[in-house]
Amino acid sequence: MPELPEVEYTARQLRASIVGATISNVQVFWERTVGHPDLATFLLEVSERRIEGVRRRGKFLLIDLSGDFFLSIHRRMTGNFLLLPPGWQIDTSLRTDDVATWNTRGPTFMPENGVENSHSRETSYCRVSFDLSDGRRLLFTDPRKFGRIELWSAQREAEALRGLGPEPFGSTFTVEYLTGELARRRIGIKQALLDQTLVAGVGNIYADEALFSASIHPLRRSDSLTPAEVRLLHEGVISVLTLGIEHGGTSFNDYRDLWGEAGDNYNHVHVYKQAGKPCPRCGSLIERMVIAQRSAHFCPGCQKLIVL
DNA sequence: ATTTAGACCTGTCAGC
DNA sequence: TGCTGACAGGTCTAAA
């Protein structure tokens, strides 16, 4: 679900709200969500640590903890963070013997007095709850259970994040770097953009948007781009990610910010999920095709497969 | 070296 | 109304 802009937006919200807080307790409702280390160690080691900072690397959210540890969170398709004000507790009266329902939807959280005090908050599908010592709760919700939370010592950060290419906003992601990486691959350009070792953080939405921005067909072979096209693509990747962050991320279905609110970038995409609608640039109808088992959206008028 | 199919999971929506 | 299949912001593994 979340790509770089969604993770970055959430990281900024977390940075402004939980740095300095202490995790008093952790509850895990779906064991496989914890990817490292084993569950018992995770539960033991996370408690009583102070949150020192929040960072992002590619699509990973990193929460630095006291004692030189950090949490790495990958939300995969449907993972979200939700911050609850003090007073919200698990509604034990709703827990039944229906283990299947509990395993699927997780616990239900209710505000202290039984009345919502601000926004409505969807607390279903909670897989992990971090209880903060000031009474707040940070929930990791994830209907499809693909998301992973790991605890690593600071000196093993390289191991925890192995295989990640340069940050799109970093100094190593240059036109020269992109030119070299694309030239030594013989795959479709859409696939290349989704390869996290080439550049970290681009997913299906922003890959399609970046290719539209650069007027490049998603099936073009990566080593066939002209220098001008690589420059446009480099610029396109950076600009669509920047706009995504500015709009608070793209919410088609599941993505929500820390307060449970949808992102606004949905109203600013040009091709993603827009099949059948007119291209905002040339008026041709946007098409959808399947590339590498993922849907790809493009304008057949602006993004020609054959370079004339 | 790439590509493809299948896992991992649950929900929604279109069509019959 | 109920069932079936397609599809969903991701990534990994095995087999071709």
Side-chain angles (χ1 to χ4, degrees), chain A residues 1-11 29-36 56-61 72-81 100-106 122 124-127 140-150 160-165 181-210 218-219 221-223 237 240-241 243-245 247-257 262-269 271-276 288-297:
Chain A
M1 169 190 90
E3 303 178 33
L4 186 152
E6 292 74 35
V7 180
E8 176 63 27
Y9 194 71
T10 302
F29 305 106
W30 182 253
E31 293 190 14
R32 295 194 59 175
T33 298
V34 174
H36 179 92
R56 178 196 57 73
R57 176 77 171 91
K59 300 173 190 172
F60 287 86
L61 185 68
S72 95
I73 298 103
H74 199 303
R75 295 151 69 177
R76 298 285 176 88
M77 295 290 268
T78 57
N80 273 319
F81 273 112
T101 300
W102 174 268
N103 281 339
T104 301
R105 303 188 63 101
E122 180 52 75
S124 294
Y125 307 105
C126 178
R127 307 308 176 195
F140 180 70
T141 63
D142 186 18
R144 293 180 70 179
K145 300 174 175 172
F146 291 162
R148 291 293 177 266
I149 298 181
E150 304 186 341
L161 300 176
R162 66 192 174 282
L164 276 190
E181 290 299 308
L182 293 181
R184 69 181 187 81
R185 287 170 166 81
R186 263 153 294 190
I187 59 178
I189 188 63
K190 170 72 186 282
Q191 283 170 271
L193 288 178
L194 294 177
D195 181 351
Q196 300 300 296
T197 70
L198 194 156
V199 59
V202 177
N204 213 27
I205 295 178
Y206 298 97
D208 282 358
E209 294 299 316
L219 282 179
R221 257 177 54 157
S222 66
D223 57 352
V237 165
V240 299
L241 293 176
L243 285 171
I245 297 169
H247 294 137
T250 307
S251 301
F252 281 100
N253 291 307
D254 301 300
Y255 166 70
R256 292 294 181 274
D257 72 6
D264 184 49
N265 199 236
Y266 171 91
N267 301 120
H268 299 274
V269 296
V271 291
Y272 186 79
K273 283 262 181 90
Q274 303 303 306
R288 171 188 180 275
M289 68 186 305
V290 175
I291 300 173
Q293 281 80 249
R294 311 289 304 275
S295 58
H297 313 78

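Side-chain atoms are counted along with the backbone in the values below, which use heavy atoms only and exclude waters and symmetry mates. The sequence lines fix the lettering, A, B, ..., with proteins before strands; numbering per chain opens at 1.
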Under-4.0 Å side-chain N/O to phosphate OP1/OP2 contact, A:R288 with C:dA8:
yes
Atom P, compared across B:dA5 and C:dA6: separation rounded to whole Å:
13 Å
Residue pair A:R185, A:D195: steps toward the salt bridge (Lys or Arg N to Asp or Glu O under 4.0 Å) verdict
CA-CA 11 Å; A:R185 287 170 166 81; A:D195 181 351; 3.2 Å; yes
Note, DNA chain B 5' to 3' with Watson-Crick or G-U pairs under 3.5 Å encoded as ( ), [ ], | and . gives .|||||||.|||||||
Starting from C1' on C:dC7, measure out to CG on A:D208 and report it in whole angstrom.
15 Å
Indicate the atoms forming the closest heavy-atom contact of A:A207 with A:L193, along with that distance.
O-CD1, 4.0 Å
Under a 3.5 Å threshold, yes or no: a donor from one side chain and an acceptor from the other, between A:Y255 and A:E3?
no
Separation of A:R75 atom CZ from C:dT11 atom C1', in whole Å?
16 Å
Heavy-atom contact window of chain A on DNA chain B, given 5' to 3' at under 4.0 Å
B:dT2 to B:dG11
Please report, rounded to the nearest Å, how far the P atom of C:dA8 is from the CD atom of A:Q274.
13 Å
Which part of the nucleic acid, if any, lies within contact of A:Q191, taking any heavy atom under 4.0 Å across all strands shown: a base, the sugar-phosphate backbone alone, or nothing?
sugar-phosphate
So what does A:Y125 touch, heavy atoms closer than 4.0 Å: a base, only the sugar-phosphate, or nothing?
sugar-phosphate
If you round to the nearest 0.5 Å, how far is CG of A:L4 from OH of A:Y206?
9.0 Å
Taking for A:I187 and for A:R144 the nucleotide of DNA chain B with the nearest heavy atom, the one nearer the 5' end belongs to A:I187
Check for a donor-acceptor pair, side chain of A:T78 on one end and backbone N or O of A:D254 on the other, with a separation under 3.5 Å.
no
Counting only side-chain nitrogens and oxygens, does A:S295 get under 4.0 Å of the OP1 or OP2 atom of C:dA8?
yes
Pair A:N265, A:H268 - check side-chain contact (heavy atoms from CB on, under 4.5 Å), show working.
CA-CA 5 Å; A:N265 199 236; A:H268 299 274; 3.7 Å; yes
Rounded off to whole Å, could you give me the CD-to-P distance for the A:Q196 and C:dC12 pair?
9 Å
Need to verify one output field. Residue with the more 5' nearest nucleotide on DNA chain B, A:R184 or A:N253?
A:R184
Are A:K59 and C:dT11 close enough that a side-chain N or O sits under 4.0 Å from OP1 or OP2?
yes
Around A:F29, counting heavy atoms of other residues, nucleotides and ligands shown, do more than 12 lie under 6.0 Å from its CZ?
yes
Donor-acceptor pair, side chain of A:E8 and main chain of A:R56, under 3.5 angstrom:
no
Can you tell me, in whole Å, how much space there is between the P of B:dG6 and that of C:dG5?
15 Å
Give A:N204 one of three labels, base, sugar-phosphate or nothing, depending on what nucleic acid heavy atoms sit under 4.0 Å from its own.
sugar-phosphate
For the atom pair CZ (A:R75) and CZ (A:F81), what is the distance rounded to the nearest 0.5 Å?
7.5 Å
Please confirm whether the backbone N or O of A:L219 pairs with a side-chain atom of A:Q191, one donor and one acceptor, at under 3.5 Å?
no
Round to the nearest Å and state the distance from A:R162 atom CZ to C:dT11 atom P.
14 Å
Quote, to the nearest angstrom, the P distance that separates C:dC7 from B:dC9.
22 Å
In whole angstroms, how far is the P atom of C:dC7 from the CD1 atom of A:I205?
17 Å
Rounded off to whole Å, could you give me the CZ-to-C1' distance for the A:F146 and C:dC7 pair?
12 Å
From CG of A:D195 across to C1' of C:dT11 the rounded distance in Å is 11 Å
